[in-house]
Q: 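Have a look at the structure that comes next, please.
Heavy atoms only: backbone and side chains are in, while hydrogens, waters and symmetry mates are out. Below, chains carry the letters A, B, ... as their sequence lines are ordered, and counting in each starts from 1.
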Amino acid sequence: MSEIRVQIRHDEGEARARNVTEGTTAADVLGGDRSVIAARVDGTLRDLSHPVQDGNLVEPVLASSEDGLAIIRHSCAHVMAQAVQELFPSARLGIGPPIKDGFYYDFDVDRPFAPEDLVRIEERMRAIVQTRQLFARREVSDEQAREELATEPYKLELIGLKGATASHDDMMSVEVGADTLTIYDNIDPANGQVAWKDLCRGPHLPSTRHIPAFKLMRSAAAYWRGSEKNPQLQRIYGTAWESKGSLANYLHLLAEAEKRDHRKIGKDLELFHFDPTAPGMPYWLPKGLRVLNNLLAFWREEHEERGYQEISTPLVNNKRLWEISGHWDHYRDNMFIIDNDDEEPSYALKPMNCPSAMIVFNLKTRSYRDLPLRLSDCDPLHRNERSGTLHGLLRVQKLQQDDAHIFITPDQIHEEFQRIFDIADRFYKIFDLDYKFRLGTRPESYIGDAETWESAEATLLSILDARTGGDYEVENGGGAFYGPKIDILMSDALGRPWQMGTIQLDFQLPRRFGCVYTDEHGQRQTPVVIHRVIYGALERFLGIYIEHTAGAFPLWLAPVQVSIIPVAPEYVEYAHKVADALHHAKVSVELDARNETLGMRVRVAQQQKVPLMLVLGAREAQSGTVSVRRRGERTLTTMDLGLFVDRVASAVRARVDVELPPDAG
RNA sequence: GCCGCCUUAGCUCAGUCGGUCAGAGCGGCUCACUCGUAAUGAGCAGGUCCGGGGUUCGACUCCCCGAGGCGGCUCCA
């Protein structure tokens, strides 16, 4: 046999050359380390059984690496599909890719899976893992694949889409790439028989015994190839890890994340309520509204400083307005329409503020000297969402955006965008939130001409490139119907992404509403409008922020900033004096003089996430001091009442944490 | 909108394979204790078992319809 020469590299270190005989596999080259479950050959992930070629650079893929976990999860998806088809012979296969923290597989089945089915499937999977089936890769022609998969209509459809899918849909391309089709056989080592097989690009684990830990999570319906027009398949989600410890750790993290759920915290802290009579439309309770008002007060200060002028406009408009704006044709399904049988025309609750801003712009003749004209509008909006899409505060039907419409000349676009990005930076830094950008381009349903759209998209692209150095996503077709947009995304406690702020470029609405300004040559011009929100919807922002902080708001935002706990009834009088002093200094106080033990009342304040607690007894009453306990800390500080009031009040005003003297006992 | 699951006291949840089983803890109220930094003790009150139909001698329990919620899909701030 002839010799070939390969390079082997471990841990990003120096590559070392080695001579091996032809036909040597990646596994042979990399040695018998059990934590190596695949190979990267010249940068491409391969099975360990892949024969290396002369000149290849071969690197190990560890089970615990990101690629390794994806392979474990992908192989686990196969095991699940095999179990499902063994238990439900009529089940037909959809696709089964690895995803963040796990995998799923879609099936066309006679009836949806019940929770008990998942238990049975999981048991069968454990049995399959026990048998140590081998994953064997085999290249097949299109014809051969069609023949072997004749009973799998969805796989046949994928074969027909081969090549076209790779660029369009990552999930589909897991099954078929652009090149030769491959089938993975699961071989039972006991008898050498093929126990199961699936059309798949791979790579896969050497055998099922390399799946150390997995768990099925839930089942749900999902449209075939992600389109509502297609039939629904039944999807089972699972998770898989390189060790039992990692699985346990992941499940623990999930449980912890659930405790941060803003819906639970909102109830515990009495922030808001959803009533069955108003789905998706929050009742703001006193404490929740206080937080919301604090957010808005901060927002107003910052925006007035930056030249924004706030307006408020009608909640209900005649449908004529929505016809002019295009909402009637492009957004009607999401609008609450008030239809009086005997009266023409209809009215609708506003789902967006933009048309009203156009009307305000048109109230005067405008000069280029008036631009940029920044009109903000935080009115409540109503959007009639499809049922099944609501989600606590994160997806509501009544919302308030920190909205603004900025009328500018075309050559002011770039600078105005920079100003908006600066505001976003300032806000998100204060709240310590992570975010990323996403560009949304022209959707299927749009107004205006393609050329204008393309130039607007190009403008946004160049701004984004300059701002982020290319660190952003592009969502084709993700724009608003009137223009392309840059969205700002954040994640909830479970890592699910949500669209928060958005900055949208609009050449269409000003034209539709006949907005004009006079330029420096006395010519009438149509302004460009930027629609922008920083918080996004206040409801969603607060929901995300609750999950981010687990309800432990910073001092300036907290609904109750100081909780006062007198040690015994005879000190209640002094406690009232302290409460009054704080109240007059515009600090939000709660006095807990209930007939409960001190420990109990401290505990309640702690659970209510009150930032500061004052315990008042004989010592304090006598010396005119307060004994301060910070949320989450056990160390106490005793300080003069007047000093404490000043410190807290100024910290609240400055929206910073309060500074207390070092521990004085 | 689609699929599945869920809905019992203010909250969190037991429970009945259809028959005095409507329960617990927390919370609330009352009383006692008068308390120094994450749960003092005792007693009392509190439920249209989501709503509407149906099956049955009998329905919180089974069936159908509806509402709301949860998890996804689709759609979006």
Q: Using a 3.5 Å cut-off on both pairing distances, which stems of three or more Watson-Crick or G-U pairs include RNA chain B?
A: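 Paired runs of 3+ in RNA chain B: B:1-7 with B:67-73, B:10-13 with B:23-26, B:28-32 with B:40-44, B:50-54 with B:62-66.
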
Q: Please name all residues satisfying salt bridge (charged side-chain N to carboxylate O under 4.0 Å, His left out) with A/Glu256, sequence neighbours left out, ordered by chain then number.
A: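 Residues passing salt bridge (charged side-chain N to carboxylate O under 4.0 Å, His left out) with A/Glu256: A/Lys259.
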
Q: So, using salt bridge (charged side-chain N to carboxylate O under 4.0 Å, His left out) as the criterion, who are the partners of A/Arg630 when residues are at least two apart?
A: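 Only A/Asp657 meet the salt bridge (charged side-chain N to carboxylate O under 4.0 Å, His left out) criterion with A/Arg630.
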
Q: Mind checking what makes salt bridge (charged side-chain N to carboxylate O under 4.0 Å, His left out) contact with A/Asp329, not counting sequence neighbours?
A: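 Partners of A/Asp329 under the salt bridge (charged side-chain N to carboxylate O under 4.0 Å, His left out) test: none.
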
Q: Can you list, by residue number, the residues of residues 484-502 of chain A that have a non-hydrogen atom closer than 4.0 angstrom to RNA chain B?
A: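 Only A/Lys485, A/Arg496, A/Gln499, A/Met500 qualify.
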
Q: Go through the structure and list residues passing ring-ring contact (aromatic ring centres under 6.0 Å, His included) with A/Phe644, not counting sequence neighbours.
A: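 Per chain and number, A/Phe644 pairs via ring-ring contact (aromatic ring centres under 6.0 Å, His included) with no residue.
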
Q: How does each nucleotide of nucleotides 30-35 of chain B score, in 5' to 3' order, for protein heavy atoms under 4.0 Å: base (B), sugar-phosphate only (S), or none (-)?
A: --BBBB

Q: Side-chain donor-acceptor pairs under 3.5 Å in residues 93-100 of chain A, sequence neighbours left out?
A:
none

Q: So if I define the base as every atom that isn't primed, P, OP1 or OP2, how would nucleotides 60-69 of chain B read as a B/S/- string at a heavy-atom cutoff under 4.0 Å?
A: --------SS

Q: With sequence neighbours left out, what residues match A/His382 under ring-ring contact (aromatic ring centres under 6.0 Å, His included)?
A: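 If we apply the ring-ring contact (aromatic ring centres under 6.0 Å, His included) test to A/His382, skipping adjacent residues, there are no hits.
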
Q: What is the distance, to the nearest angstrom, from the CD atom on A/Glu385 to the P atom on B/C2?
A: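 Taking CD of A/Glu385 and P of B/C2, I get 16 Å after rounding.
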
Q: With sequence neighbours left out, write down each residue that passes salt bridge (charged side-chain N to carboxylate O under 4.0 Å, His left out) with A/Arg92, or none if nothing qualifies.
A: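 Salt bridge (charged side-chain N to carboxylate O under 4.0 Å, His left out) list for A/Arg92, sorted by chain: A/Glu152.
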
Q: Could you list all N or O pairs between the protein and nucleotides 4-15 of chain B that sit under 3.5 Å apart?
A:
| from | atom 1 | to | atom 2 | distance (Å) |
| --- | --- | --- | --- | --- |
| B/U12 | OP1 | A/Lys267 | NZ | 3.3 |

